[in-house]
Amino acid sequence: MDKLKVNDMKEIFKLISSRMDENRDYLVELDSKAGDGDLGISMSAGFRAVLKSEAMTMESFKRFFMNAGMAINEASPSSLGTIMFMGLLGGAKKIADYEELGSFELGQFFEGWTEAIMTKTGSKAGEKTILDAVLPATESLLSSSNLKDGIRLAYEAAKNGMLSTIEMKAVHGRAAYYQEKSIGLQDGGATVGMLIFQAFNEYING
Amino acid sequence: MDKLKVNDMKEIFKLISSRMDENRDYLVELDSKAGDGDLGISMSAGFRAVLKSEAMTMESFKRFFMNAGMAINEASPSSLGTIMFMGLLGGAKKIADYEELGSFELGQFFEGWTEAIMTKTGSKAGEKTILDAVLPATESLLSSSNLKDGIRLAYEAAKNGMLSTIEMKAVHGRAAYYQEKSIGLQDGGATVGMLIFQAFNEYING
Amino acid sequence: MKKIINEPESFSRETVEGILLAHSDRLKALEGDLQIIARNDEVKPQKVSVVTGGGSGHLPVFLGYVGNGMLDGCAVGNVFASPSANKMFNMIKGCDYGNGVLCLYGNYGGDNMNFSMACDMAEMEDITVRQIRVKDDVASAPANEKDKRRAVAGLVYAWKIAGAAADMMYSLDEVCQVTEKALNNLRSMGVALTPCIVPEAGKPTFSIGEDEMEVGMGIHGEPGIEVRNKMSASETVKVLLDKITDDMPLEKGDEIAVMVNGLGGTPLEELYICFKEAHAYLEAIGVKIYSKYIGEYATSMEMAGMSLSVLKLDDELKDLVDYKASTPFFTNINK
Amino acid sequence: MKKIINEPESFSRETVEGILLAHSDRLKALEGDLQIIARNDEVKPQKVSVVTGGGSGHLPVFLGYVGNGMLDGCAVGNVFASPSANKMFNMIKGCDYGNGVLCLYGNYGGDNMNFSMACDMAEMEDITVRQIRVKDDVASAPANEKDKRRAVAGLVYAWKIAGAAADMMYSLDEVCQVTEKALNNLRSMGVALTPCIVPEAGKPTFSIGEDEMEVGMGIHGEPGIEVRNKMSASETVKVLLDKITDDMPLEKGDEIAVMVNGLGGTPLEELYICFKEAHAYLEAIGVKIYSKYIGEYATSMEMAGMSLSVLKLDDELKDLVDYKASTPFFTNINK
Ligand SMILES: Nc1ncnc2c1ncn2[C@@H]1O[C@H](COP(=O)(O)OP(=O)(O)O)[C@@H](O)[C@H]1O
Ligand SMILES: Nc1ncnc2c1ncn2[C@@H]1O[C@H](COP(=O)(O)OP(=O)(O)O)[C@@H](O)[C@H]1O
Ligand SMILES: [Mg+2]
Ligand SMILES: [Mg+2]
Ligand SMILES: [Mg+2]
Ligand SMILES: [Mg+2]
């Protein structure tokens, strides 16, 4: 598989939804340690909502991602549910008129995704968030020459990025209240980021 | 000792106060089983208040008992604290112009005491209250020819009356809510009645 | 004991001190006695006086209802304990405007006895006094022993009606009459989920199992009708309204005032869920909710639980319920 | 879990249903959506609109302050969870009277993000919107990171001021200006004694030791400044007011509004004891209490605890605090 069409993306979102369901309790546990413990519930509900939403009938990337973002946010208006909305909207704008996505184009989508979140919430790399998984993965996509390699490397990068959050100090969200105590804990949002690329990799390489 | 003067009564109230202090926890325990558990606290505080009140400077029985009743009620406006006030007022009226009390006159005092309570609260013998200790004791006083015998018999009667409450079903106060469940428990108020005659007996028979 | 207090012994006194510091424009302590609270605002001349008294620990009951269109005075006892006869007598004397005083209080042993002594004392000073005891709790005695029933949150309706009647210049007889009528049409019942702690005791004097509910428990923890497994809001409301309407049948077309009262530790959210259930129950039998109070009107400190009160209305009672009342703790102006 | 509820998942919805059944004369659900609440009474034409949004479980916060002289609308989320951007957008749209909408809400991650998305959506439809975030909790971040502070009960003063200004026909700019001024003069801090239970979780998500107190804990159980051994009312008030006045110095002659707020499970008696202590503290430094609110104004369901809020007043703010407000849950008419 060289390029992703909208229908591929719908299949990938089904896989993401399964990942979130499978890791529901794990994400709850991560979020409980320095948060309110709803992350698994909200991500599982959020992606399930996409599968039941109008997004699944849309024929352009732009409309698919916009509707998916709205559905996630409606079902799960928690921080990460809203960040997903921001990201999907930002990514959708970047690739609005593309009909298919290779590694570079998917990289552009996640570039729009991360930029929107950073602009809107003032967060950046190294602050123990989902960005720490998604930013390095985006780099891998942008610098790879084909989708299979790009996704494989992106998944690796997301995994490492997720692990790198363990040593970081939280700056955003509820975890920030825990200050130094947040060091040593893996960020739940970054774990969600990793799971998303795991789903991409499974579809494309797997 | 044949007759009691006001000063004797003041001494007896000191003994009653000690009895209430000594039996504070016991009375609390009795009242806890079918009540709110304050009986020991209120009786101890009530009689202590008499010792600190104007009653102790009064020179007639009438004024001594009236002021003692008011002091008990002010310090302990619980059911029994108020019943004591009623009783002492009722008794005081009966023996208003007596200068000294023999067995019969003391019996008259307690007659006034019990009558006032029965009229005001609608209670009578056999209803698991302080009356079940004081009514038979009053009988003993009225039918004895001297104070020593009268008090000894009154104390015996009060003790038996107190024990007789074990088999009774409560009709008044909080204990009444316990209905059948109150059977088998000794009434706290009747125990207070017994302790009062115990103090009289100690003072007179030694 | 999870309380934010100072010395347990001074709990009642400090509460009243705080209240007087906060509301000195509306309330005063008669002759500086913190156990005797009276209105500090302007009272209509010639008005009948309506007073009460009772233990602390039930705010806004009792003294929270002293104010315009409600009570004229209140004698304040210690936690869950009656004030003394002498305090009540001084309160009655201080609140007598010369047109008679109605002592309107809950049917509890200590309060009954002290008020009856206090009224004797007042009569000896030629004050015209009447006593009416509120006995709204259907769980506290069967119908054939109605006179033994205790008071719970229905007190608030008793004061609302009597207070409004007095402010509408009803005579003492008329105030008593309409109050008796209201009491005949008033029923309450509650459930408790947790005990409460008397500060001086320092620990609960009774306990309720983790999965249990005390149906009909009194506001001092007096035993109720039965201990049941925890019920849903809908079941709970049904149990309470079944019992209330058993005792006082409601017919299609009847109009009522209903109170969903929190006992202290129950979130307002839950009270509204219960109101929703009560609304559905009453709608199904064709009874109309003319007026409602939802909130904490009569509490037992931190006790979790809820009580329902129902007052069946006629035109006169409607006017009296609607009549504006305003105390620092209660108003129906925004209801 | 000692709650009187039905299905935990329907807790927020049923709460709103109950509220709408009780107060349909004052409140309505826009287009039947129970997450979008607006005033149902008459609104002054040309008025600026002041709206908010936030999670359930804090009654009277948030929707309890929708009404005359306070808020025009509120988006309602699940327990302790933000409503979605789309709900907020629909709420803003429904409450826009054509003269601008101020979104005045608490500084919480989810709410911030959703309101900022919602405002983007509103601007795309040519609605003039402004956002102001309330950050009154001094315990939630040090002075050099003021912008990270969360909101607690100070929200109520923010709405009181902005709502009064809007009702006094201030323009959108003027409403924002005076609200910012009030927020600069507003500080809060609280203590928690017990946790609370999110219905869907079924058990507390954090715990507080039997002899401990969480100083500065957030209303969702966010950690505070420190865990301390239980303190007396007098010590507790001192800790809170020391910290508040450290952050916002008060001088002799200053006049303030003060709120003693119960978090849900704390008896009113204790709040008045705390008020007494606050009164003594403030009197000692020559600060005058111009206005006070004592009661449950912002809760966390059954959490036991108390927060203090202080709003330093000038003449304009005094007028706005005094301005009459009336919602089904709040009025200052009898205060
Ligand atoms: N400003 C931000 N930018 C990027 N990611 C964020 C930001 N704030 C929070 N997050 C992410 O959101 C995750 C928490 O999401 P969630 O559980 O939905 O939050 P909450 O329950 O507090 O609303 C964190 O683990 C973090 O990765
Ligand atoms: N009507 C009554 N007549 C006589 N004695 C009574 C009456 N009611 C209660 N008592 C007595 O009072 C005792 C309880 O007193 P107390 O603990 O002061 O009551 P409470 O705490 O309920 O106010 C009972 O044990 C009983 O002996
Ligand atoms: Mg979370
Ligand atoms: Mg959350
Ligand atoms: Mg007792
Ligand atoms: Mg008692």
Side-chain angles (χ1 to χ4, degrees), chain B residues 28-29 31-42 45-46 49 53-54 66-67 69-90 93 116-123 127 129-130 170-182 188-189, chain C residues 9 12 33 35 53-57 75-90 107-121 124 137 139-142 145 147-150 198 200-206 214 216-225:
Chain B
V28 162
E29 198 193 311
D31 193 40
S32 297
K33 289 192 181 133
D36 58 354
D38 61 355
L39 192 61
I41 299 161
S42 62
S53 76
E54 291 196 340
M66 275 183 60
N67 279 280
M70 185 92 85
I72 293 175
N73 179 239
E74 277 274 4
S76 302
S78 65
S79 299
L80 204 56
T82 315
I83 284 168
M84 287 287 171
F85 184 18
M86 292 176 182
L88 290 167
L89 223 66
K93 280 185 201 154
I117 294 167
M118 293 193 287
T119 319
K120 284 224 160 287
T121 75
S123 54
E127 294 178 340
T129 71
I130 189 169
V171 184
H172 297 281
R174 296 180 205 270
Y177 299 129
Y178 292 80
Q179 301 273 356
E180 307 298 331
K181 280 175 240 162
S182 69
Chain C
E9 308 79 57
S12 304
D33 188 332
Q35 291 192 264
S56 294
V76 180
N78 233 306
V79 177
F80 294 0
S82 174
S84 72
N86 199 36
K87 299 284 178 201
M88 288 175 175
F89 164 62
N90 284 326
N107 186 36
Y108 284 96
D111 299 310
N112 292 351
M113 292 177 198
N114 280 295
F115 259 116
S116 95
M117 294 295 283
C119 288
D120 280 4
M121 293 159 91
M124 279 162 57
D137 186 356
S140 54
E145 294 180 73
D147 268 355
K148 292 204 175 162
R149 288 181 179 170
R150 339 175 252 255
V198 173
E200 288 195 63
K203 53 179 203 286
T205 48
F206 59 99
E214 283 272 358
M217 172 165 273
I219 51 173
H220 312 101
E222 298 90 343
I225 295 179

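Everything quoted here is computed from the prediction, not taken from an experiment. The chains referred to below are lettered A, B, ... by the order of the sequence lines, with proteins before strands, and numbering in each begins at 1.
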Revision key, fill the gap. Cut-off 4.5 Å, heavy atoms of chain C, and the answer for B:Met70 is side chain

Study note, to complete from the structure: The salt bridge (charged side-chain N to carboxylate O under 4.0 Å, His left out) partners of B:Glu29 (sequence neighbours excluded) come to B:Lys33

Practice item. Taking the side chain as every heavy atom from C-beta outward, state whether C:Met117 and B:Leu89 have any atom pair closer than 4.5 Å. Key: yes

Review point. What's the spacing between C:Asn112 CG and B:His172 NE2 if we round to 0.5 Å?
Key: 12.0 Å

Check your understanding: Would you say the side-chain atoms of C:Asn86 and B:Asn73 include a donor-acceptor pair closer than 3.5 Å?
Key -> no

**Study point:** Distance in Å, C:Met113 CE paired with B:Thr121 OG1, rounded so as to fall on 0.5 Å steps
**Key:** 5.5 Å

Check your understanding: Hey, what do you get for CG (C:Asn114) to CD (B:Glu74), rounding to the nearest 0.5 Å?
Key -> 9.5 Å

Review point. Quick one: salt bridge (charged side-chain N to carboxylate O under 4.0 Å, His left out) partners of B:Lys93, sequence neighbours excluded?
Key: none

Review point. Is B:Asp36 reaching over with its side chain to a backbone N or O of C:His220, donor-acceptor style, under 3.5 angstrom?
Key: no

Point to revise | C:Met121, part contacting chain B, at a heavy-atom distance under 4.5 Å | key: side chain

Review point. Among C:Ser82, C:Gly77, C:Gly110, C:Gly55, which has the most heavy-atom pairs under 4.5 Å with chain B?
Key: C:Ser82

Review point. Given that the side chain runs from C-beta out, which part of B:Val171 has a heavy atom under 4.5 Å from chain C: side chain, backbone, both or neither?
Key: both

Point to revise | Note, C:Glu222 side chain near B:Arg174 side chain (heavy atom, < 4.5 Å) | key: yes

Point to revise | C:Glu9 atom CD: more than 12 heavy-atom contacts under 6.0 Å | key: yes

Revision key, fill the gap. Interatomic distance, CG@C:Asp111 vs OG@B:Ser78, rounded to 0.5 Å, equals 11.0 Å

Review point. Should the heavy atoms of other residues, nucleotides or ligands under 6.0 Å from CE of B:Met118 be counted, would the total exceed 12?
Key: yes

